[in-house]
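Everything on this sheet refers to the single structure shown next.
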Amino acid sequence: MKKIAEIIKHAEKISVISHKDPDGDAVGSQLGLALALEKEGKEVYSYNVGEVPEYLFFLPGSGTVKIYNGEDLSDSLVIFVDCADRNRPGIQLPEGITINIDHHVSNDNFAMYNYIDTKSASTGEIIYKLIREMGIELDKNIATCLYTAVSTDTGSFMYSNTTADTHLIAADLINNGADTDGLRENFFEGVSLKRFKLTKYAYQEVNFACDNLLAWIKIPYSFIREIGAKEEETEGVVGHIRNIKDVEVALLLKEREDGKIKGSLRSKKMIDVSKIAEIFGGGGHKRAAGFELSGTLEEAEEIIISELKKELKNV
Ligand SMILES: [Mn+2]
């Protein structure tokens with residue numbers, strides 16, 4: 001981290017990039033870092049493939065995140081945040097100096113300099129430590145972005161990745177003015193009607209197997225189009241399915257507009273879903289992971305469910 005802090009200190013132009021379908025940790029870490037670097041007098045650009053989701057518009061600087069459109073990044077220091085592997089940004093790795101800051105176990109150290117802390121519940125926690133390391137003073141805006149990153153990636157401090165360190169960092173962010181009301185109103189109490197309809201659909205369509213240890217749902221693109229939901233609005237559904245008593249592994253299979261099947265896996269205690277996701281070319285964390293498959297929803301279902309049944313046989 002010292003080395004990374006030093007490299008950043010010497011750079012003038014910096015681009016900060018997070019991942020496709022950006023979530024609270026992606027955008028919160030990205031903006032928290034960008035705002036801190038601007039404070040240091042750097043020329044900072046934020047790019048993503050994909051729009052900032054509406055529930056994150058309240059974040060200071062959310063309007064500065066641009067959709068990446070082939071810009072030449074080779075003359076700036078490029079920092080990737082919260083990207084589990086080289087494909088997650090959706091941007092080709094530029095020539096020049098690159099830094100990769102992340103907390104996913106599946107991270108493949110794709111950049112020139114890599115800081116991967118898999119014990120961190122969120123990338124936001126690592127960015128917090130980096131900002132402290134650099135001696136940059138926190139302010140309300142930076143604190144709001146980082147608090148959002150920490151809070152959303154821990155399911156509001158409830159998931160098993162939450163540590164004492166997470167709470168200490170959150171406390172310091174609140175002491176520095178983090179807008180916790182903004183997060184609550186926009187995220188936790190800001191469930192869109194589309195998101196609610198998706199949850200309703202999921203509750204109706206959920207399948208069970210292996211004595212209810214396994215629960216899964218398939219969402220065809222036709223339904224997503226019918227209700228007009230955006231990609232990111234489908235993400236929370238799988239967490240609701242995991243919350244059912246007895247369920248150990250929850251799976252969401254979602255058909256995308258491009259016909260690809262996106263899989264999201266969640267587990268409770270026994271199954272390391274990052275290993276299962278890796279079988280299908282994806283990755284993530286022990287308790288939350290994802291992958292992409294080609295073919296139909298039914299074909300994807302057959303392959304992954306048989307793999308999950310094998311895993312759950314020994315439980
Ligand atoms: Mn994250």
Side-chain angles (χ1 to χ4, degrees), residues 1 4 16-34 46-50 52-53 55-56 59 62 65 79-91 99-111 114-131 142-163 165-167 169-170 173 178 183 187-188 231-232 234-236 238-239 242 252 262-267 272-274 277-278 282-292:
M1 183 170 278
I4 284 174
V16 187
I17 293 166
S18 74
H19 57 75
K20 287 186 262 183
D21 310 327
D23 59 9
D25 191 26
V27 181
S29 297
Q30 178 176 40
L31 287 173
L33 179 59
S46 299
Y47 294 108
N48 284 337
V49 168
V52 172
Y55 67 84
L56 295 171
L59 288 180
S62 65
V65 182
I79 307 175
F80 294 94
V81 295
D82 202 42
C83 295
D85 59 55
R86 67 186 63 232
N87 297 318
R88 276 298 271 157
I91 292 174
I99 294 174
N100 165 18
I101 300 173
D102 185 39
H103 66 133
H104 293 88
V105 283
S106 54
N107 198 291
D108 56 357
N109 295 299
F110 58 84
N114 304 278
Y115 187 86
I116 316 303
D117 179 8
T118 57
K119 294 219 164 60
S120 271
S122 60
T123 298
E125 288 174 37
I126 308 173
I127 300 296
Y128 167 90
K129 288 176 184 165
L130 176 64
I131 288 172
I142 297 171
T144 298
C145 293
L146 296 182
Y147 183 85
T148 295
V150 174
S151 179
T152 54
D153 249 28
T154 56
S156 198
F157 308 98
M158 202 180 63
Y159 295 161
S160 59
N161 58 4
T162 309
T163 63
D165 218 23
T166 313
H167 285 286
I169 290 169
L173 293 170
L183 176 63
F187 185 66
F188 296 105
E231 181 76 35
E232 80 268 0
T234 59
E235 282 304 308
V238 68
R242 173 175 59 181
L252 163 67
K262 165 112 189 266
S264 302
L265 284 159
R266 300 289 183 274
S267 69
D272 180 350
V273 288
S274 74
E278 276 169 25
H285 309 284
K286 265 183 172 173
R287 303 285 166 249
F291 58 89
E292 263 182 34

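Order of listing sets the numbers, starting from 1, for every ligand and every atom in it.
Proximity of a side-chain donor or acceptor of R242 to a complementary backbone N or O of S267 within less than 3.5 Å is detected.
The neighbour count for K286 NZ, taken as heavy atoms of other residues, nucleotides or ligands under 6.0 Å away, does not exceed 12.
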Candidate pair R287 and R266, rule side-chain contact (heavy atoms from CB on, under 4.5 Å), full reasoning: CA-CA 5 Å; R287 303 285 166 249; R266 300 289 183 274; over 6 Å; no

Take N100 and N107 through the test side-chain hydrogen bond (donor to acceptor under 3.5 Å, both in side chains) and record every step on the way to the result. CA-CA 9 Å; N100 165 18; N107 198 291; 2.9 Å; yes

CA sep, side-chain torsions, deciding dist, call: T234, K262, side-chain contact (heavy atoms from CB on, under 4.5 Å): CA-CA 11 Å; T234 59; K262 165 112 189 266; over 6 Å; no

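Residue pairs satisfying the side chain to side chain donor-acceptor pair (under 3.5 Å) criterion with at least one member in residues 144-162, sequence neighbours excluded, are listed as follows: H103-D153.
For the Mn ion (ligand 1), the nearby protein N/O/S atoms, meaning those under 2.8 Å, are D25 OD2, D82 OD1, H103 NE2, D153 OD2.
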